[in-house]
J.: 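Please see the structure below; I have some questions.
All ligand and atom numbering here is 1-based and tracks the order in the structure.
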Amino acid sequence: MKPLILSLTDEHTGLLGSLAQNLNLDKAKLEIRSFPDGETYIRFDDDLKNRDIIILNSLDRPNQKILPLIFLAKTAKEFGAKTVGLCAPYLAYMRQDKRFKKGECITSIYFAKVLSDNFDWLVTIDPHLHRYKSLKEIYSINSSVLHIVKEISDYIENNVENPLIIGPDSESEQWVKAVAYNINSPYIVLEKNRISDNKVSISIPNLDSYLNCIPVLLDDIISTGHTMLETIKYLKKANMQPAVCIGIHAIFSGSSYKELLDSGIDKIVTCNTINHPSNGIDIASNLSEHIRGVGVGD
Ligand code: R5P
C-alpha cells in the first residue's frame, strides 16, 4: 500500500497536495476536532498496518500543535504503522540553544527529546542552527535538513535587478554567501546585537559604493520583524533604494507583517514553509526530494 500523508491542520493544503503528487502518496482520511473544553479528538479512517506515515506540519506556534501531533503519532503506531515521520518545514524551539542566564530551561533539548521519542524520522528546512552545528547533537532520530538556497537564488535572479544581498547577522552569512555566489552578486553581512525579545541594534558599513543596487535583506526567520526593521532604518539613512525583504520562515508575530509592509520597503517574499500571504517561493519539489531521501515515497 502507498504511504499516507496527513496534517493536523489545513494550513498546508497546497504543499500537502504537491507532496502527495510528487511522491505518489495517499492522503489520509482523518477526523480531528476539538471538544468544547479544548481537548483534541482524533480518528483515523484508513488501514495503517505496515504503512509509512508522513505527518506534515510546520511547528510555528508549537505549543498548540505538539500535543495533538504526539496523539497522532502514537495512534498511528498503535494501529501498526511501519514508520511515522514528521515533515516539519519550520522546526521550533531551536533558538534557546544555551543557558544565557542562571536557571533558564534549554528548551531546544527537551523539545528534541519529545520529537525523537515519538517519530521515526524528521525532515525540516533551514532550522536555526547556531551553536548546534547539526540536529544530530540533540535529535536521536534520523533527521534530514534541506536548504532553500537555489529557490531563493532563482527568485532574486528573476525578480531583482542589480541586487546587493544583505545578511543582518553572522548566522545569516551561510545563506547570503551561497545565494550571492549563485547569482554572482555582491553581499554584505551586518553585525546584530539582540538587546531584548523586541529590540535589536545593527551596525552597518559605508554603503556609498552600492547606491545603484537594490538591497535584498535575507534572513532565515522573520519573527518580531525587528531585525529587518532596524536594518531598513539604516538602509534608508544611507540613501539606499527600497529593500526587497526575503525570509525563509514567515513567523510574523503580532503586527510585524504590517509594520514591515509600512516601513517603506519594496516588498516582502517568504518561502511556503509556513503558510502566509507573503509566500512567493515554493519549496515543494526540494522537500519531495528530501522525503524520498529518507526512504518514503516513489
Ligand atoms: C536570529 O538569529 C535569526 O536568524 C533571525 O534574525 C531572527 O530570528 C529574527 O527575529 P526577529 O524578526 O524577531 O528580529
Side-chain angles (χ1 to χ4, degrees), residues 58-63 88-101 104 106-108 111 124-135 137-138 145-149 151-152 165-180 187-204 215-236 243-265 267-271 273-281 283:
S58 255
L59 295 176
D60 54 306
R61 284 85 191 170
N63 294 6
Y90 173 70
L91 182 61
Y93 282 116
M94 285 301 293
R95 284 181 284 178
Q96 183 89 36
D97 54 3
K98 173 184 158 177
R99 188 163 286 131
F100 298 91
K101 288 188 198 149
E104 278 179 351
I106 306 178
T107 47
S108 52
F111 195 70
T124 189
I125 298 176
D126 284 314
H128 190 77
L129 290 169
H130 182 201
R131 273 162 281 260
Y132 301 128
K133 297 301 163 223
S134 153
L135 286 183
E137 289 178 42
I138 49 173
V145 167
L146 72 122
H147 304 288
I148 305 296
V149 167
E151 293 82 349
I152 293 175
I165 317 295
I166 302 178
D169 53 25
S170 56
E171 290 115 287
S172 62
E173 180 159 6
Q174 47 187 310
W175 299 280
V176 168
K177 208 169 158 181
V179 166
Y187 75 90
I188 53 170
V189 175
L190 312 177
E191 258 178 56
K192 176 170 92 179
N193 180 21
R194 185 168 284 281
I195 299 153
S196 68
D197 291 352
N198 284 311
K199 203 161 185 208
V200 296
S201 74
I202 304 270
S203 69
I204 222 153
V216 177
L217 299 191
L218 176 54
D219 206 355
D220 56 344
I221 301 170
I222 311 178
S223 181
T224 66
H226 282 100
T227 301
M228 292 249 170
L229 285 166
E230 196 61 20
T231 312
I232 290 158
K233 224 160 68 187
Y234 285 97
L235 294 178
K236 276 192 190 158
V244 173
C245 298
I246 300 183
I248 297 174
H249 304 297
I251 294 188
F252 290 115
S253 58
S255 57
S256 55
Y257 183 50
K258 185 171 178 330
E259 283 173 52
L260 258 182
L261 285 175
D262 292 344
S263 67
I265 56 163
K267 61 181 150 211
I268 311 172
V269 185
T270 60
C271 303
T273 59
I274 296 174
N275 184 26
H276 189 265
S278 61
N279 290 167
I281 299 173
I283 48 123

J.: Going by the order shown, which atoms of ligand 1 are within less than 4.0 Å of some heavy atom of His226?
T.: 12 (O), 14 (O)
J.: Nearest protein heavy-atom contact for atom 14 (O) of ligand 1: which residue, which atom, what distance?
T.: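 The closest heavy atom on the protein side is Thr227 OG1, 2.5 Å.
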J.: Have Tyr93 and Asn63 got a donor and an acceptor in their side chains that come within less than 3.5 Å?
T.: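 Yes, because at least one side-chain N or O of Tyr93 sits under 3.5 Å from a partner of the opposite role on Asn63.
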J.: Please write down residue, atom name and distance for the protein heavy atom closest to atom 6 (O) of ligand 1.
T.: Asp219 OD2, 2.5 Å
J.: Checking His147 against Val145 for the side chain to side chain contact (heavy atoms under 4.5 Å, CB included) test, could you report, in this order, the C-alpha distance in whole Å, the side-chain angles of both residues, the deciding distance, and whether it holds?
T.: CA-CA 7 Å; His147 304 288; Val145 167; 3.6 Å; yes
J.: Do me a favour and list the nearest non-hydrogen protein atom to atom 10 (O) of ligand 1 with residue, atom name and distance?
T.: Arg194 NH2, 3.2 Å
J.: Under the side chain to side chain contact (heavy atoms under 4.5 Å, CB included) criterion, do Leu217 and Leu235 qualify, and how do the steps go?
T.: CA-CA 10 Å; Leu217 299 191; Leu235 294 178; 3.8 Å; yes
J.: Output yes when a side-chain donor or acceptor of Ser172 lies under 3.5 Å from a complementary backbone atom of Asp219, and no otherwise.
T.: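 Side chain of Ser172 to backbone of Asp219: no pair is present.
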J.: Would you mind running through ligand 1 and noting each atom that sits below 4.0 Å from a heavy atom of Ile222?
T.: 12 (O)
J.: Nearest protein heavy atom to atom 2 (O) of ligand 1, by residue and atom, and its distance?
T.: Glu171 OE2, 2.8 Å
J.: Any donor-acceptor pair under 3.5 Å linking the side-chain atoms of Tyr257 with those of Ser278?
T.: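 On atom types as modelled, these side chains do not qualify, holding no pair under 3.5 Å.
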J.: Does even one non-hydrogen atom of Gly225 get within less than 4.0 Å of ligand 1?
T.: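 Within the 4.0 Å threshold, so yes.
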J.: Does even one non-hydrogen atom of Lys192 get within less than 4.0 Å of ligand 1?
T.: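 Per 4.0 Å heavy-atom rule, Lys192 contacts ligand 1.
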J.: Hey, is Asp169 touching ligand 1 through its side chain, its backbone, both or neither, going by heavy atoms under 4.0 Å?
T.: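 Asp169 to ligand 1: side-chain contact only, backbone stays beyond 4.0 Å.
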J.: Heavy-atom distance under 4.5 Å between the side chains of His249 and Ile125, does that happen here?
T.: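 Counting from C-beta outward, His249 and Ile125 do come under 4.5 Å.
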J.: Do side-chain atoms of Asp126 reach the backbone of Ile148 as a donor and acceptor pair under 3.5 angstrom?
T.: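 Checking the backbone N and O of Ile148 against the side chain of Asp126, a donor-acceptor pair under 3.5 Å is found.
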J.: Is the backbone of Ile251 close enough, under 3.5 Å, to the side chain of Ser223 for a donor and an acceptor to pair up by distance?
T.: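 Side chain of Ser223 to backbone of Ile251, a donor-acceptor pair under 3.5 Å: no, none is there.
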J.: Write out the residue and atom name of the closest protein heavy atom to atom 13 (O) of ligand 1, then the distance separating them to 0.1 Å.
T.: Thr224 OG1, 2.6 Å
J.: Considering only non-hydrogen protein atoms, determine which one is nearest to atom 1 (C) of ligand 1 and report residue, atom name and distance to 0.1 Å.
T.: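 Atom 1 (C) of ligand 1 sits closest to the protein heavy atom His128 CE1, 3.4 Å.
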J.: Please evaluate residues Ile281 and Ile248 with respect to the criterion side chain to side chain contact (heavy atoms under 4.5 Å, CB included), reporting the C-alpha separation (whole Å), side-chain torsions for both, the decisive distance (0.1 Å), and the verdict.
T.: CA-CA 9 Å; Ile281 299 173; Ile248 297 174; over 6 Å; no
J.: Could you tell me whether ligand 1 has any atom less than 4.0 Å away from a heavy atom of Arg95?
T.: yes
J.: Quick one: look up the protein heavy atom nearest atom 4 (O) of ligand 1 and list residue, atom name and how far away it is.
T.: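 Protein heavy atom with the smallest distance to atom 4 (O) of ligand 1: Asp220 OD1, 2.6 Å.
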J.: Can you tell me the protein heavy atom closest to atom 9 (C) of ligand 1 and the distance?
T.: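 The closest heavy atom on the protein side is Ile221 O, 3.3 Å.
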